[in-house]
Every structure is written in structure tokens, then in C-alpha cells.
There are 2 protein chains.
Amino acid sequence: MRKQPRQVRSRQMVERIVAAGRSVLVEDGYDAFSTNRVAAAAGVSPGSLYQYFPDKTAILEVVVDRYSEETAERVAAAMSDRIGGTGLAVVRDIVDALLTALEADRALLRVVSEELPLARSRARRDTLERRISELAATYLLARPEHSRRPNAPMATWVTVLAIETIAIRWVLDQPAIERDQLIDEIVALVGGYLVS
Amino acid sequence: MRKQPRQVRSRQMVERIVAAGRSVLVEDGYDAFSTNRVAAAAGVSPGSLYQYFPDKTAILEVVVDRYSEETAERVAAAMSDRIGGTGLAVVRDIVDALLTALEADRALLRVVSEELPLARSRARRDTLERRISELAATYLLARPEHSRRPNAPMATWVTVLAIETIAIRWVLDQPAIERDQLIDEIVALVGGYLVS
DNA sequence: ATTGTATGCGAGCAATCACTCGCGTCACAA
DNA sequence: TTGTGACGCGAGTGATTGCTCGCATACAAT
């Protein structure tokens, strides 16, 4: 942020810009995400935009960060709720929550995970993935009796990666698989792997 | 292709362009993949480039298709070799072959799977994934006794997706996991899932 | 040798983009 | 009411891009 918006007017403008960024991204794709376009969509001049954002990517970052944060929050909530639970029922609930969170905004998920070059910038990659990994690690480490895998961090990595990918791809590609069936399969996959 | 190169001279030029495209992609990333840049790297004028390629993406397509084809070929070969085998030894060998194929050109794999917008164009997405899925389906369907999953296509989809993602991410991110350990984990993952 | 075609060149065009700057307007404190 | 800084505007700039076109050269067929 180049400058803090102090008055109500400017804070609303910043909001309009972020909202416009999100909608340009969703409706026209990343290629159309130009500063002029976002400004126009926000009903704002290009110059105004640069009073609060240092450059184009800063706008993108806010949009993406908000989405990641929001999604991660939902999944994390489901995981926290179930942190005391036992067995595969926990996995089931978490996968369910993950799917629900991802289904909330398919269009944005598509852009974020398929078009964005920023999503791959190593550094700030996947708030979502990191937070879920941490929570999963907590769960797995807290209940070693549930895992016959010797190497816990690696098991966590494999599990989280597999679940995350399958969930995202199912939401985006919508293969001919029922939601409940999918959850069964994922539970079977990690169940056979982790639980004795 | 806008025109077929008839003489040796022009065929060599097309080759130089494709090679230059690949090297620009690998060394400078997708953002630097401009027609002028590729032409310069190939020691060719921008005009010449457009005699055989209709537009920028056509060059990209050739580069990516070649890479996908090449990688898929290697994995498919390993799978064909093992089509008669039994049990998890097959899975082990296939995963090994997949890792080897992916390790062959890390730099290009990175660009293809992380930067390219084309890689996500639904239509020509993942020659690799499709071919492996087909082969995997053949294997799984041919040996129903090896699977306690009722829905074979779905099991195939889940398995291939999980293996592919984990392999790619391991090659690209190089987490602190030994190669042999990784293979063990993947075998354990799909073993617990598929095999009784 | 001549002619027709394939090949190759590179200056440059039209469009786009991220971003700036000078100027006018507005809110708020005194 | 007035002064001051926050705010907002939008034409414009410099750079880059994908791509074309007129022209020169190399080759092949006659």
C-alpha cells in the first residue's frame, strides 16, 4: 500500500477497486486483468488506483489473499472443531468442509489455481495449503496410534497434497462422480494409508 | 502451421525456432517468451518466424507438445513393459519410471506446470495425464482381483491424479524426502487403497 | 541462362500496457 | 469562513508487444 486511505470516501474506493479486480478476474480471466480495465470496472481513474496500490500485482495480491484466507478459514474451522475426534469420521468431515469451501467460488478457484502466475510465486504460495498442513500435522502428530507410517511429516505432506489436489480437480473438472462417492474414495485412500 | 517448409534450409530454421522457444522458456520463463525474443534467440528475423507459425502460441504448442509427448512416451513404455506383472511391484516400477521421466527436464517441467497458461486450456491439457490414465485403466480393469474398489473409473482417476501430483511436486519442490522413501510412500498410498 | 517460387530479412505499425503528473475538488479543522 | 492536505481525475508517456510488408536473395525447373 502506497498510502493509507483516511477518509470514508477513499476507503470505499479501495473497496470498489478490490471488488472490481475480483470481478474482472472472474469474468474476464487473468489476461484481461489490466490496471486500466480494473479501474474502469471500479468506476475509478487509473491515477486514483495508484494512490493506494503501488502496482498491478498489489491489487491481485489483495484479491487472492482474501480468497485464500477466507477458504483456509473455513477449512481450518472444520478441522479445529474436529480436533478431538477419532478415526476416519474426522477425515470425512474435513474433506466435506474442504469441498464445501472450494465450491463456494468455483470461478475464482479456477482463475487462482489455473491462470495466476502469482499463485506459483513460491513465496506467498498457498496460505491455504500451509495452514491445512499445519493443522493436519497437529492432528496426525497428536494421534500417532492412528498412523502406521514411520515418517509423520512425509505422511502429512503426501496426504494433504493428495486430498487437496483431488478436491480441487473434482470441483473444477466436475467429472461424473457423485460428491458422496468422492468423499468415500478419499477417505478410503487416506484411510488405507494412515490408519491401521 | 502457415506454410510447409520445403527446402532443407527452412526446415532447419523451423527447428532452430522451436529449440530457441524451448530455451527461452527454460532460461527466461514464460513472461519473456515474446516473438521477437524467440526470433532473436534463434538467430532469425521476426518476419521469418511468421512464415511457418501462424502466431506466438503455435510455437509454444510445438514446444509443449514435444515435451509432453516425450515424457508420456517414457512412462507409457514403463507401463507397457509391466502390463503383465502383478501386485505392487508394478506400481513401484511405474512410479519410478514417472519420477525418472519428470526429473529429465526439471526446468521445463516447472515452466510447463507452473507458468504456462496454455497448460490449463482444458482442450489439449495433459497428453501425459490422459495417456497414463488410459494405461492405468487398462491395468486396473484387467486385474479386478487387485482392487476392492467398486467403481473402477473413479479409482483410476483418483489414483492417477494423486500419483501424478505427488510426483510432480516432489520433483519441483524437492522437499527433504529421499527418492526411495517417496516411492515407498506412494506405493503404500495406492496399495492401501487399491489392493486387498 | 532464365524464370518462377521458396525463403529470409528487418524496419516499422498499430495496439496495449503499466504507470505518472498537473490540476481541480472535496472534507475537515481552526 | 478559510486554509490545508487528502482525494480524485484522465490525458498522456515511454516502453513493449505481436505481427506485417516490401524487398532482396537463394534455389529449382526448364
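Chain letters run A, B, ... following the sequence lines, proteins first and then strands; every chain starts at 1.
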*Asks:* Taking atom types as modelled and ignoring hydrogens, do the side chains of A:T57 and A:D55 form a donor-acceptor contact shorter than 3.5 angstrom?
*Replies:*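 On atom types as modelled, these side chains qualify, holding a pair under 3.5 Å.
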
*Asks:* Rounded to whole Å, please give me the gap between OH in A:Y52 and P in D:dA6.
*Replies:* 9 Å

*Asks:* Taking atom P of D:dC7 as reference, at what distance in whole Å does atom CZ of A:R11 sit?
*Replies:*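 Spelled out: CZ on A:R11 to P on D:dC7 is 9 Å.
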
*Asks:* Do the non-hydrogen side-chain atoms of B:D93 and B:M79 ever get within less than 4.5 Å of each other?
*Replies:*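 Side chain of B:D93 against side chain of B:M79, heavy atoms only: no contact under 4.5 Å found.
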
*Asks:* With a 4.5 Å cut-off on side-chain heavy atoms, are B:P5 and B:M13 touching?
*Replies:* no

*Asks:* For residues B:R6 and B:R11, report the shortest heavy-atom separation together with the two atoms involved.
*Replies:*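 In this case the closest contact between B:R6 and B:R11 is O-NH1, 3.0 Å.
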
*Asks:* Classify A:Q12 by what it touches in the nucleic acid, base, sugar-phosphate, or nothing, heavy-atom distance under 4.0 Å.
*Replies:* nothing

*Asks:* If the cut-off is 4.0 Å, is A:S45 near the phosphate of D:dG8, judged by side-chain N/O to OP1 or OP2?
*Replies:*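 Answer no for this pair, as no side-chain N or O of A:S45 is under 4.0 Å from OP1 or OP2.
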
*Asks:* If you measure only the distance, is there a donor-acceptor pair under 3.5 Å linking the side chains of A:T156 and A:R149?
*Replies:* no

*Asks:* Listing time: all N or O pairs from protein to nucleotides 1-5 of chain D that are below 3.5 Å?
*Replies:*
none

*Asks:* Could you encode protein contacts along nucleotides 13-23 of chain C as a string, one character per nucleotide from 5' to 3', using B for base contact, S for sugar-phosphate-only contact and - for no contact, with a heavy-atom cut-off of under 4.0 Å?
*Replies:* ----SBBBB--

*Asks:* With a 3.5 Å cut-off and no angle check, do the side chains of B:R179 and B:T100 form a donor-acceptor pair?
*Replies:* yes

*Asks:* Just checking, any donor-acceptor pair under 3.5 angstrom between side chains of B:Y52 and B:Q4?
*Replies:*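 Per modelled atom types, B:Y52 and B:Q4 side chains form no pair under 3.5 Å.
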
*Asks:* Quickly work out the B:R6 CZ to C:dT7 P distance and round it to whole Å.
*Replies:*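 These atoms are roughly 7 Å apart.
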
*Asks:* Quick check: are there more than 12 heavy atoms from other residues, nucleotides or ligands sitting under 6.0 Å from CD of B:Q174?
*Replies:*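 Count over threshold, so yes.
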
*Asks:* Taking CD1 from A:I17 and P from D:dC7, how many angstroms apart are they, rounded to a whole number?
*Replies:* 12 Å

